[in-house]
2 protein chains.
Amino acid sequence: MSQKLDRRKKYTRKVLKDSLITLLANKSLSSITVKEICELADINRSTFYTHYTDHYDLLHKIEDEITEDMNRYLHSYDYEKEEESLQMTEKILEYITENRLMFQTLLNHQSAPTFEKRLMDLTRNFMINTWPRANELRTEESKYLSSFVISGAIHVIKEWIAQDLKESPREMAEMINQFINNGLSYFE
Amino acid sequence: MSQKLDRRKKYTRKVLKDSLITLLANKSLSSITVKEICELADINRSTFYTHYTDHYDLLHKIEDEITEDMNRYLHSYDYEKEEESLQMTEKILEYITENRLMFQTLLNHQSAPTFEKRLMDLTRNFMINTWPRANELRTEESKYLSSFVISGAIHVIKEWIAQDLKESPREMAEMINQFINNGLSYFE
DNA sequence: AACACCGTGTTGGATAGACAACAAACAGTT
DNA sequence: AACTGTTTGTTGTCTATCCAACACGGTGTT
């Protein structure tokens with residue numbers, strides 16, 4: 001799956017991604033130039049084109065990576081067991097902590113409206129397909145409920161980030177899981 | 001003098017230097033292996049040897065660079081003018097701020113006893129050769145006085161670092177210059 | 001003593017990235 | 001409309017780094 005990358009490739013992609021994220025914090029995606037990204041990353045511009053076709057492609061691949069990671073977290077725990085579902089949420093929040101700047105800017109509609117939508121779709125699909133309690137509901141209802149619950153959770157996370165991650169991932173995980181459980185029991 | 005470096009060289013040397021400094025914070029120089037440095041820096045070990053002969057050489061070149069930078073600061077201001085001498089001290093303190101971890105560990109005798117000595121020699125030479133007030137003194141006296149003043153200043157800086165750089169470089173510059181001036185007027 | 005283990009210093013071949021140069025597209029200026 | 005400056009893709013050559021492999025010396029284990 002994830003091939004063993006040459007250290008040079010690994011480094012180049014990392015700094016290009018970091019660079020775009022940094023720029024996105026202050027400017028709109030369309031106003032950012034490839035040249036600018038490369039200068040900040042200290043990478044030759046021609047090298048950029050061996051990895052990405054343009055900066056839209058770069059952003060797309062950044063988002064791909066995040067959603068892949070999220071997906072991995074979602075599927076590496078047994079959501080039916082309460083403690084494991086808690087650990088899962090905690091793991092995801094830790095991941096967000098580690099990539100704080102990324103989430104902070106990507107969740108900001110202005111620069112990249114697609115990201116939040118992708119996150120929601122991903123999580124909703126997971127819930128609908130693998131979560132028993134959601135399954136028991138009628139299809140239509142479960143869709144709305146999951147949307148409700150997930151957009152709520154994402155909003156809480158956004159606020160958490162905006163407040164400088166004052167609470168620990170564990171605290172937030174407990175809080176968010178509580179919210180979600182309450183939300184899901186709404187129709188029970 | 002400083003040739004335009006290929007980005008790759010620049011990057012490799014930077015991460016190797018950072019890596020050694022990081023390791024020095026916890027272990028003694030002699031117990032650190034080349035392999036370890038390369039693994040932390042994520043650089044192939046064979047690449048290390050194209051730049052440095054061993055880790056002692058690496059540390060030596062780190063120190064070289066710092067002393068060169070210090071020297072540049074010392075000579076880019078007119079020390080006779082009070083305001084410029086203040087700016088100079090401030091500039092040096094800012095430089096220390098930017099390389100905080102480096103100074104913190106290198107000034108710690110345990111790991112690298114030579115560094116503090118090099119710094120002192122450098123500064124003392126500067127004072128003796130280019131500072132009029134020190135020149136007026138007898139050679140022997142000026143040597144001792146400069147040693148006294150400089151070791152005092154370095155100690156103040158070490159304390160400043162240990163106290164997490166609470167004061168601004170400007171504040172510290174004013175304080176230190178005051179100390180030095182008072183110190184130098186001792187024999188006047 | 002024989003053994004396995006680990007870091008060292010070095011080599012050779014493969015490749016990613018640096019760099020310089022280019023034509024083309026575009027935006028703003030006069 | 002010609003002019004200036006900037007970004008864009010693209011290409012060819014050069015070289016720094018990667019990687020795997022090697023012989024060597026030191027250290028410790030049985």
Side-chain angles (χ1 to χ4, degrees), chain A residues 1-65 105 110-112 114, chain B residues 1-65 105 110-112 114:
Chain A
M1 183 124 283
S2 62
Q3 342 151 29
K4 208 163 67 175
L5 274 201
D6 192 308
R7 296 181 209 248
R8 291 169 290 184
K9 282 192 177 182
K10 202 172 66 183
Y11 168 72
T12 299
R13 294 182 183 174
K14 178 179 185 332
V15 288
L16 285 177
K17 286 172 185 163
D18 288 351
S19 174
L20 176 54
I21 294 295
T22 305
L23 292 172
L24 264 181
N26 300 316
K27 330 180 50 173
S28 74
L29 179 58
S30 60
S31 75
I32 294 175
T33 68
V34 173
K35 194 185 174 214
E36 205 173 3
I37 297 171
C38 296
E39 280 170 354
L40 181 56
D42 208 17
I43 292 293
N44 195 286
R45 197 164 54 81
S46 71
T47 304
F48 180 98
Y49 293 105
T50 67
H51 294 276
Y52 311 103
T53 65
D54 51 33
H55 59 296
Y56 296 99
D57 183 40
L58 172 55
L59 178 59
H60 191 78
K61 289 190 169 140
I62 292 176
E63 293 184 1
D64 284 349
E65 204 185 329
T105 68
Q110 304 291 23
S111 48
T114 56
Chain B
M1 184 121 272
S2 62
Q3 343 154 25
K4 207 161 70 176
L5 275 201
D6 191 309
R7 296 179 208 249
R8 291 169 291 183
K9 284 193 176 183
K10 203 172 63 182
Y11 169 72
T12 299
R13 292 182 185 175
K14 177 177 185 339
V15 287
L16 287 176
K17 285 173 187 165
D18 288 350
S19 175
L20 176 54
I21 294 295
T22 305
L23 292 171
L24 264 182
N26 300 315
K27 330 179 51 174
S28 74
L29 180 57
S30 60
S31 75
I32 294 174
T33 67
V34 172
K35 194 184 175 216
E36 203 173 4
I37 297 172
C38 295
E39 280 170 355
L40 181 57
D42 207 19
I43 291 294
N44 195 286
R45 198 164 52 82
S46 71
T47 305
F48 180 97
Y49 293 106
T50 67
H51 294 277
Y52 311 104
T53 65
D54 52 33
H55 59 295
Y56 297 99
D57 184 39
L58 171 55
L59 179 59
H60 191 78
K61 290 193 170 138
I62 292 176
E63 293 184 2
D64 283 349
E65 204 185 327
T105 68
Q110 304 292 21
S111 50
T114 55

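Below, chains carry the letters A, B, ... as their sequence lines are ordered, and counting in each starts from 1.
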Under 3.5 Å donor-acceptor pair, B:Arg45 side-chain atoms to C:dG7 base atoms: no
Beyond-backbone contact of B:Glu39 with B:Arg45, side-chain heavy atoms, under 4.5 angstrom: no
Sugar-phosphate, base or nothing in reach of B:Asn44, heavy atoms under 4.0 Å: base
Rounded interatomic separation in angstrom, taking CG from B:Asp6 and P from C:dA16: 16 Å
Within residues 7-23 of chain A, residues whose heavy atoms come under 4.0 Å of DNA chain D: A:Arg7, A:Arg8
Distance in Å, B:Ile37 CD1 paired with B:Ile43 CD1, rounded so as to fall on 0.5 Å steps: 12.0 Å
Any N/O donor-acceptor pair, A:Ser46 side-chain to C:dC19 base, under 3.5 Å: yes
Strand-adjacent residues in residues 47-57 of chain B, judged by heavy atoms under 4.0 Å from DNA chain D: B:Thr47, B:His51
Between D:dC19 (P) and B:Glu39 (CD): distance, integer Å: 13 Å
Salt bridge (charged side-chain N to carboxylate O under 4.0 Å, His left out) against A:Arg7, all qualifying residues, sequence neighbours excluded: B:Asp42
Residues that B:Tyr52 engages under side-chain contact (heavy atoms from CB on, under 4.5 Å), provided they are two or more places apart: B:Arg13, B:Leu16, B:Lys17, B:Phe48, B:Asp57, B:Leu58, B:Lys61
From OG1 (A:Thr105) to CG (A:Leu24), nearest 0.5 Å: 5.5 Å
Integer-rounded Å distance: D:dT7 P and A:Lys35 NZ: 4 Å
Approximate separation, where rounding is to 0.5 Å, of B:Leu59 CG and B:Leu29 CG: 5.5 Å
Rounded distance in Å - CG (B:Asp42) to P (D:dC18): 8 Å
By side-chain contact (heavy atoms from CB on, under 4.5 Å) - contacts of A:Glu36 (at least two apart): A:Leu23, A:Lys27, A:Ile32, A:Thr33
Pairing pattern in dot-bracket form [Watson-Crick, G-U; both distances under 3.5 Å; | = partner strand] for DNA chain D: ||.||||||||||||||||||||||||.||
Heavy-atom closest pair, residues A:Val15 and A:Ala41: O-CB, 3.6 Å
Chi angles and distances behind the side-chain contact (heavy atoms from CB on, under 4.5 Å) call for B:Tyr49, B:Asp54: CA-CA 7 Å; B:Tyr49 293 106; B:Asp54 52 33; 5.6 Å; no
A:His55 NE2 to A:Cys38 SG distance, which is reported to the nearest 0.5 Å: 11.5 Å
Short N-O contact, B:Lys14 and B:Asp18, less than 4.0 angstrom: yes
